Trainee: 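Here it is, the structure, as structure tokens.
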Amino acid sequence: MSSTLRPKTQPRMGSISRNRPDEVSGALLAWYDRHQRVLPWRAREGKAPDPYHVWLSEIMLQQTTVQAVKPYFEGFVACWPTIEDLAKAPLEAVLDRWAGLGYYARARNLHACACKIVADFGGRFPSDEKTLKTLPGIGDYTAGAIAAIAFDKVAAAVDGNVERVISRMRFIDEPLPKAKKAIRAETLALVPDRRAGDFAQSLMDLGATICTVRAPKCGICPWEGVCIAHAKGRMEDLPIKPPKKRKPVRHALAFWLESEGDVLLRRRPAKGLLGGMLEVPSSPWGDEPLDDDAALAHAPNAADWAILEGTVRHTFTHFHFHLKVARAHIRADARPDGLWVPMHDLDGLPTVMRKVAHMVQKQKA
DNA sequence: TAGGCGTGGGC
DNA sequence: TGCCCAAGCCT
């Protein structure tokens, strides 16, 4: 990224005018030059960013922590070094490698987007927000982030971090999501003509490391002097979020069927919850716990099913899940049709199903 | 527009 | 422990 536009004399701390967008953004860029995080998807000093890496990381980072993303990003880039490689891969391979990261529609859209970039755009990402937003999995935030970070376009990338930082700094006390329009306008007004990508990343770094949800570190914030929420002592009141709803509990019985070191799995329907992912077969997921006999009627075959002690508990976005597990062994010549997978090769399972496997292994010991 | 859609960490 | 939250998107 160009660093040529840094002012010759940096504004002194506390001397920034909150009515001068160039001074406000300049103070943040100066902070970013000293304190930016080193992340695997960021371009090295003086190097042009790789749009494929920017896009891949932005999709993975949607609603997901940096620490969780790091190993997946490295794994994807090692397995599919270019977007052409990713487009050529079977969707199932992409989903299996995404397993554990959550929000699996992202992986389906990722693959669809890669195919579209290769088929319709010659393997090159468009650089304008409007075209980016036509691609699967790319919305307002991600379009702005790619335009700014990969192509240094003047664009606002308003994510949860930016909503928090800007709503505090400008004291926008309207509740979300109504506040989004004002936050976006305030953010866009601050984007500098040069270093728009650095500015986008600096806002996110500030939100992630200084302007945190709880206990923000205002004493070391480059915007302490211009932040209205800080002046009022109201930092932790913003942004105002709508109340959450209670999660209901759903129940099911999973069927762990073993045969000579393999376990029976199946692939879920392509869309919806865990769409396209591998799973341990189970009874339908219902609002009430099924009694054992009723649940066992859904078993994939007639076998000597034993219901294990304990319950797998897992929380999805909008419900809690209580899963009992039944287990049986059969001979190889009695296997029902299905996907038989070696028990040492269960990396493609989503977390809830890994919990099932873990419970079975624990009860063997 | 509001609800569906995962997971792991922090307190 | 239960709840909140993290670089949102889609319908």
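The figures here come from the full heavy-atom set of this structure, side chains too, leaving out hydrogens, waters and symmetry mates. Values in this document were obtained by computation on a predicted structure and should not be read as measured data. Naming: A, B, ... by sequence-line order, numbering from 1 per chain.
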Trainee: Is there a residue in residues 153-160 of chain A whose heavy atoms reach under 4.0 Å of DNA chain C, and which residues are they?
Mentor: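 A/Asp159, A/Gly160 - these, ordered by number, are the residues of the stretch whose heavy atoms sit under 4.0 Å from the strand.
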Trainee: Side chains of A/Thr64 and A/Arg106: donor-acceptor distance under 3.5 Å anywhere?
Mentor: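 The answer is yes; a qualifying pair exists.
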Trainee: In a check of ring pair (Phe, Tyr, Trp, His ring centres under 6.0 Å) between A/Trp98 and each of A/Tyr72, A/Phe76, A/Tyr103, which one passes?
Mentor: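 Running ring pair (Phe, Tyr, Trp, His ring centres under 6.0 Å) over A/Tyr72, A/Phe76, A/Tyr103 with A/Trp98 returns exactly one hit, A/Phe76.
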Trainee: Going by side-chain contact (heavy atoms from CB on, under 4.5 Å), name the residues that satisfy it together with A/Lys153, two or more places apart in sequence or in a different chain.
Mentor: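 Here the qualifying residues are A/Ser127, A/Asp128, A/Ala147, A/Phe151.
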Trainee: When the P atoms of B/dG8 and C/dC9 are considered, how many whole Å apart are they?
Mentor: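 To the nearest whole Å, 22 Å.
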Trainee: Can you see whether A/Ser259 engages A/Asp262 through a side-chain donor-acceptor pair at a distance of less than 3.5 angstrom?
Mentor: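 No, A/Asp262 and A/Ser259 have no side-chain donor paired with an acceptor closer than 3.5 Å.
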Trainee: For the pair made of OH in A/Tyr72 and C1' in C/dA6, what is the distance, rounded to whole Å?
Mentor: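 In whole Å, C/dA6 C1' lies 16 Å from A/Tyr72 OH.
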Trainee: Could you tell me whether the phosphate oxygens of C/dA6, OP1 or OP2, come under 4.0 Å of any side-chain nitrogen or oxygen in A/Lys241?
Mentor: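 Yes, within the criterion.
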Trainee: Examine the side chains of A/Gln36 and A/Ser202 and answer whether a donor and an acceptor come within less than 3.5 Å of each other.
Mentor: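 The criterion, which ignores hydrogens and geometry beyond distance, is not satisfied for A/Ser202 and A/Gln36.
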Trainee: Could you tell me whether the side chains of A/Glu58 and A/Tyr141 share a donor-acceptor contact shorter than 3.5 Å?
Mentor: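 Result is yes, a qualifying pair exists.
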Trainee: Show me, pair by pair, the donor-acceptor contacts under 3.5 angstrom made by side chains of residues 238-248 of chain A, not counting sequence neighbours?
Mentor:
from: A/Lys247; atom 1: NZ; to: A/Thr317; atom 2: O; distance (Å): 3.1

Trainee: How does protein contact run along nucleotides 1-8 of chain B, one letter per nucleotide 5' to 3', with B for base contact, S for sugar-phosphate only, - for none, heavy atoms under 4.0 Å?
Mentor: --SSBBBS
Trainee: Quick one: A/Arg313 CZ to C/dT1 C1', roughly how many Å, whole number?
Mentor: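 Answer to the nearest Å: 12 Å.
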Trainee: Phosphate oxygens OP1/OP2 of C/dC5: is one of them under 4.0 Å from a side-chain N or O of A/Lys244?
Mentor: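 Affirmative; the distance criterion is met.
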Trainee: More 5' along DNA chain C: A/Gly137 or A/Ser57, using each one's nearest nucleotide?
Mentor: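 Its nearest nucleotide being more 5', the pick is A/Ser57.
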Trainee: Can you tell me how far C1' of B/dG9 sits from NZ of A/Lys70, to the nearest Å?
Mentor: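 Distance, rounded to whole Å: 15 Å.
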Trainee: Counting the atoms with a prime plus P, OP1 and OP2 as sugar-phosphate, which does A/Arg164 contact under 4.0 Å by heavy atoms, base, sugar-phosphate, or nothing?
Mentor: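 If one applies the 4.0 Å heavy-atom cut-off, A/Arg164 turns out to touch the sugar-phosphate alone, with no base involved.
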Trainee: Taking atom P in both B/dG3 and C/dC4, compute the distance separating them and give it to the nearest angstrom.
Mentor: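 One P to the other, the span is 16 Å.
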Trainee: More 5' along DNA chain C: A/Leu135 or A/Gly207, using each one's nearest nucleotide?
Mentor: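 Upstream on the strand: A/Gly207.
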Trainee: When we call it a touch if two heavy atoms are under 4.0 Å apart, what does A/Leu39 touch: a base, just sugar-phosphate, or nothing?
Mentor: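 Base: the residue A/Leu39, judged by heavy atoms under 4.0 Å, touches a nucleobase.
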Trainee: Suppose we screen for side-chain contact (heavy atoms from CB on, under 4.5 Å). Which residues come up paired with A/His230, at least two apart in sequence or across chains?
Mentor: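 Only A/Cys218, A/Glu224, A/Cys227, A/Met235 meet the side-chain contact (heavy atoms from CB on, under 4.5 Å) criterion with A/His230.
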Trainee: Please report, rounded to the nearest Å, how far the C1' atom of C/dC9 is from the CG atom of A/Leu110.
Mentor: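 Between C1' of C/dC9 and CG of A/Leu110: 13 Å.
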Trainee: Round to the nearest Å and state the distance from A/Ile240 atom CD1 to C/dC5 atom P.
Mentor: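 My rounded result for the distance is 13 Å.
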Trainee: Would you mind classifying the nucleic acid contact of A/Lys133 as base, sugar-phosphate or nothing, using non-hydrogen atoms under 4.0 angstrom?
Mentor: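 No contact.
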Trainee: Hydrophobic cluster mates of A/Val249, side-chain heavy atoms under 4.5 angstrom, ILVMFWY only, any path?
Mentor: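 Noted: A/Val249 shares its cluster with no other residue.
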Trainee: Report which part of the nucleic acid A/Trp98 touches: base, sugar-phosphate, or nothing (heavy-atom distance under 4.0 Å, all strands).
Mentor: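 No contact at all - A/Trp98 keeps every heavy atom at 4.0 Å or more from the nucleic acid.
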Trainee: Side chains of A/Thr315 and A/His320: do they bring a donor and an acceptor to under 3.5 Å?
Mentor: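 A/Thr315 vs A/His320: donor-acceptor pair found between side chains.
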Trainee: Please state how far atom NE2 in A/His320 lies from atom P in C/dG2, giving the value in whole angstrom units.
Mentor: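 Rounding to the nearest Å, NE2 of A/His320 and P of C/dG2 are 8 Å apart.
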